[in-house]
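Heads up: numbering here begins at 1 and tracks the sequence. Every heavy atom of this structure was used, including side-chain atoms; hydrogens, water molecules and symmetry mates were not.
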Amino acid sequence: MNASRHLLQAAMQCPDAVAIRYGDRTEDYSQFAQRASRLGGALLDLGLRPGDRVAIVQHNGPELLESIYGALLAGLVAVPINSRLHAKEVAYIASHSDSGAMLHTPEFNESLCQVMSSMPHGLRRISTAPSTGELDYEQLVADAQPLAGAAHRAPEDVAWLFYTSGTTGRPKGVIWTHQILEHLVLDYLADIESLRPSDLVLHAAPLSHGSGTVALAAIARAAQNVILDTGSFDPKTVFKLIETHRITNIAFIAPTQIVRMLQEFVPGEFDLSSLKCITYGGAPIYSEHLKRALEAFGPIFVQVFGQGEVPLTISYLHKDDHANFYRDGDGRLTSSGTARTSAEIAIADDDDNLLPVGERGQILVRGALVMPGYWANESATEQTLKNGWLHTGDIGELDEKGYLYVVDRIKDMVVSGGNNVYPREVEEVLTTHPSVAECVVFGIPDEYWGESVHAVVCLKEGTTASADELIQYCVANLASYKKPKTVEFMESLPKNAYGKVSKREVREPYWERYERRVGGGTSGATEIGGNE
């Protein structure tokens, strides 16, 4: 089994069909498969062997899909990395995964040079536009011989490492096997949308994350992948692409992007009638925003709820549910839907006893898409996979129809604009500032982002620091989206009987007027849950 076989099948059945569209550039399935195969051959020529890891840090573009499939075809393990991460964070992931090569775009040439000492010895850097001694991506593709076919891999062999930060402050590598990728494709086609070669799927979110998982399904059906080439999400550009190319599906967007689309939407300005499905998730959405979106764009929305450990496949709220619940004023519109085809959901108390309908507890999941564990992190695996269930760290409840309601998070994670931010990472950076004595970081309600990162800081006696100085200090050491948007100064932080900072006590005043402790909202507002 090799999950990349879907690309070879698409190239055989629909060789001339457009596989990738990126601005004025297109690749048909024959070209896409050839380039990916040659890249896989080049990686093996460099000395990598099946099972070795290949880090991929690229902005969205054709090369990102080529890199993922090139690695898979060669039997290597793809390690796509969020291109918004700081170079230090990229270096940690490359080191932790012990990657033998890194495929990147030129924006990272210089910054990665500065952190080479933190990356694996002998790692080969390959740039799509080399300038500081990297190997040339295009030259490697041109010179290599294509692979004879997809390398044979066992279903349980590692195919993809998805790095997601943890409450310990260090990213964890979630293992996705070839079998998980197969089920990911099948579940999308069964639950979300049964794509056909005539479909055009727009990617407006990172292909290293949720949008990339949808690309797997689109490629399996020889559909066209249209990649937004503006570098940032611009609603008017998206609307124009939909109208020009007759886009049928938007692969994956966050609720904040839906809000921006609503802000820019003018009825009749663009012909959006080709749209059949918009998949969203990654963060809560206000019910009012969702109702407005249904009115503006029609009953074409599908919500997905999941996490890296069960890639986007815990539960879903289908298009029909959106339409029917909105029409009938049904409260289930505020749910995260029902279990996906390959998932089973349960609610448990602190002792792992399963709870009956209507009672709140931790959301547990098991099924074919649950990870086998974290890469090189046995302790984290044991904490998450217990008694046959994956423990999500989220609090929720199930109703009598099996609809899941996500209420809160056990973990401290902040979901801001669809991005997961773990306070411990930010706290660890802030505490290295010479003026910071102690701090606590958490999410506070934000009308646009759902939550925004807020830091409460105690300064060392006799020192000074401004909020802006501390924010910029974080930017120098973390991805920009992880920085605190606001900083508050206090003389001291409340502690519990064991001397530990009582984060809940500091955080609670910001949330006391809200029904849910996730995603923000106005007083008494109801939001719809979902985190990637």
Side-chain angles (χ1 to χ4, degrees), residues 59 82-92 107-108 110-112 114-115 118 165 167 169-171 206 231-234 254-257 259-260 263 283 412-495 501-512 514 518-522:
H59 294 302
N82 188 342
S83 63
R84 295 178 65 190
L85 293 183
H86 192 279
K88 293 178 181 179
E89 297 170 295
V90 173
Y92 173 81
E107 297 86 352
F108 306 100
E110 292 188 11
S111 62
L112 290 174
Q114 297 169 9
V115 294
S118 301
S165 297
T167 53
R170 286 294 194 181
S232 60
F233 185 83
D234 175 65
T256 49
Q257 292 170 307
V259 173
R260 290 193 60 192
Q263 292 170 343
D412 290 332
M413 183 176 70
V414 178
V415 181
S416 183
N419 293 303
N420 293 349
V421 181
Y422 290 86
R424 179 66 178 272
E425 288 185 278
V426 186
E427 290 165 359
E428 287 185 348
V429 169
L430 280 172
T431 53
T432 65
H433 189 282
S435 296
V436 174
E438 61 180 351
C439 66
V440 63
V441 173
F442 49 88
I444 61 175
D446 188 292
E447 176 67 23
Y448 180 73
W449 296 107
E451 292 178 273
S452 64
V453 181
H454 181 71
V456 177
V457 173
C458 298
L459 297 177
K460 295 177 182 176
E461 188 174 351
T463 66
T464 61
S466 67
D468 185 65
E469 177 184 349
L470 295 180
I471 291 170
Q472 294 307 312
Y473 185 76
C474 289
V475 171
N477 292 278
L478 290 168
S480 179
Y481 70 84
K482 297 181 180 180
K483 70 179 183 295
K485 287 185 170 59
T486 49
V487 176
E488 177 183 359
F489 295 94
M490 293 180 64
E491 290 294 325
S492 62
L493 296 174
K495 309 287 197 310
V501 173
S502 179
K503 181 178 291 189
R504 183 172 293 275
E505 185 176 340
V506 182
R507 180 178 183 259
E508 185 61 26
Y510 294 92
W511 292 90
E512 60 186 6
Y514 298 88
V518 56
T522 56

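Between S435 and T464 there is no side-chain heavy-atom pair separated by less than 4.5 Å. Two residues are said to be in side-chain contact when any heavy atoms from C-beta on lie closer than 4.5 Å; Q263 and Y448 meet this criterion. No side-chain heavy atom of V475 sits under 4.5 Å from any side-chain heavy atom of Y481. Side-chain contact between P423 and V440 is absent, with no heavy atoms from C-beta onward closer than 4.5 Å. The closest side-chain heavy-atom distance from V421 to E425 is not below 4.5 Å.
Heavy atoms only, all atoms of each residue included: G443 and V414 are closest at N-CG2, 3.3 Å. Scanning all heavy atoms of the two residues, the minimum distance from L430 to C474 falls at CD2-SG, 3.6 Å. Closest non-hydrogen pair, V115 versus A87, comes out as CG2-O, 3.8 Å. The nearest pair of heavy atoms linking G417 to T256 is CA-CG2, 3.5 Å.
Here K460 contributes atom NZ and H433 contributes atom NE2; the two are 9.5 Å apart, rounded to the nearest 0.5 Å. For the atom pair CG of L478 and CG of L85, the computed distance is 9.5 Å after rounding to the nearest 0.5 Å. The CG atom of L470 sits 7.0 Å away from atom CG of L459, with the distance rounded to the nearest 0.5 Å. Put simply, CZ on R507 and NZ on K503 are 9.0 Å apart, with the number rounded to the nearest 0.5 Å.
Crowding of E488 atom CD: a count of heavy atoms from other residues, nucleotides or ligands under 6.0 Å exceeding 12.
For S416 (side chain) and N419 (main-chain N/O), no donor-acceptor pair under 3.5 Å exists by modelled atom type. The backbone N or O of V415 sits nowhere less than 3.5 Å from a side-chain atom of W449 that would complete a donor-acceptor pair. With hydrogens and angles ignored, the 3.5 Å screen pairs a side-chain donor or acceptor of T431 with a backbone N or O of E427. For the pair Q257 (side chain) and A254 (backbone), a donor-acceptor distance under 3.5 Å is present.
Between R84 and E89 there is no salt bridge, since none of the side-chain N atoms of the basic residue sits less than 4.0 Å from a carboxylate O of the acidic one.
Here the options are K482, K88, H86, E428, the test is side-chain hydrogen bond (donor to acceptor under 3.5 Å, both in side chains), and the partner is N477; only K88 passes.
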Practice prompt. I would like to know whether E451 and K485 meet salt bridge (charged side-chain N to carboxylate O under 4.0 Å, His left out); could you show each step before the answer?
Written response: CA-CA 10 Å; E451 292 178 273; K485 287 185 170 59; over 6 Å; no

Practice prompt. Let me see the working for V456 and H454 under side-chain contact (heavy atoms from CB on, under 4.5 Å), right down to the final yes or no.
Written response: CA-CA 7 Å; V456 177; H454 181 71; 3.8 Å; yes

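R170 forms a cation-pi arrangement with Y92, by the criterion of a distance under 6.0 Å to the ring centre and an angle within 45° of the ring axis.
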